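Encoded as structure tokens, the structure appears first; notes follow it.
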Amino acid sequence: MFLVPGSGNKPLGLKIAESLSCDVIDFETRRFPDGERYLRFTKEVPHDTAVVTQSLYKDPDGLMIEYVFLAKTLLDLGAKDVVGAFPYLAYLRQDSRFKAGEAISARIMSRIIESAPTSAILALDSHLHRVHNLNELFRIPATNLSAIPSLARQLESECTLHDPIIVAPDGEAAQWADLAAPILEAESVVMQKTRFGDTSVDINLGHASPSGRDIVLVDDIISTGGTIAQVAQQLKNKGADHIHALITHGLFAEGAYERVSRAGVEHLITSDSVPNHFSRVAVAPVFAKAVKDLQLA
Ligand code: R5P
């Protein structure tokens, strides 16, 4: 096996290769003046399994084309097969046609990855909402890994929590809150939102009261920060003490950090699937173990 680190978070690809103690086959890529991509392998491609890493941020379209060029060229040049490792697999939020005429991006992107062709994929805390399992999207073996246990252990090492509650901002995040709860030895609850209008939302924690307690919000993505900010603000209004947030993919669109911080989030930890100021959890070991498990299978 050898590893090809795609341009979407190349340092993470290299760390995965280091954890696997495998060879790295690098490539050069650039844009022609008209915007087309050029790509070339400068070393001989081994007749072996290629693990191509690609975190699809911040240019998901361009990075997806790069992935397809990499996979097809590797196979042309003699690689046995290609495993796609996507620390951040974009496009999964558009998993349905919410309005007539919309593209169902999650399905289209999964077909593109399959047709590269890719023999198996590994992803991390994929946004699975209406689709519950990656294997409902992909017709190749697909494994969804999680950074949440490592994020919870990191939080534990950074502070002492007072009577904590792990809070999932919505039903989809319940899976992540359930992973964090046993590590932090805390109860987990799923927020119930009642909307009274465009801007009026009440958030209910059921039987649990946030008053005077530490809150640990757990979610897959911070993009605009709107979800976490809204939830944090409501919890603060109900008397929550410190608010921590464990997020796998910190995309931080412009203004996101200011938004969540203004809403009362004091402590943020993300993984390094998309590098940012709060990336304190390394996911290379999680991917390296999953690649080894694939080989054993
Ligand atoms: C949505 O269901 C996701 O799990 C995240 O909560 C959402 O994508 C976060 O986006 P934003 O930070 O823009 O609210």
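Keep in mind that this is a model prediction, so the values were computed, not measured. Order of listing sets the numbers, starting from 1, for every ligand and every atom in it.
- For ligand 1, the 4.0 Å heavy-atom shell takes in Arg93, His127, Asp170, Glu172, Asp219, Asp220, Ile221, Ile222, Ser223, Thr224, Gly225, Gly226, Thr227, ordered by chain and residue number.
- Taking the six-membered ring where the residue is Trp, the centroids of Phe86 and Tyr67 are separated by under 6.0 Å.
- Listed by chain and residue number, Tyr88, Leu251, Val274 satisfy the side chain to side chain contact (heavy atoms under 4.5 Å, CB included) test with Tyr57 (two or more places apart in sequence, or in another chain).
- Among residues two or more places apart in sequence or in another chain, the side chain to side chain contact (heavy atoms under 4.5 Å, CB included) test is passed with Val68 by Lys72, Ile112.
- Within 6.0 Å of CD on Glu18 lie no more than 12 heavy atoms contributed by other residues, nucleotides or ligands.
- Met1 and Cys22 get closest at one heavy-atom pair: O-CB, 3.9 Å.
- Here Ala168 pairs with Ala173, Ala177, Val190 under the side chain to side chain contact (heavy atoms under 4.5 Å, CB included) rule; sequence neighbours left out.
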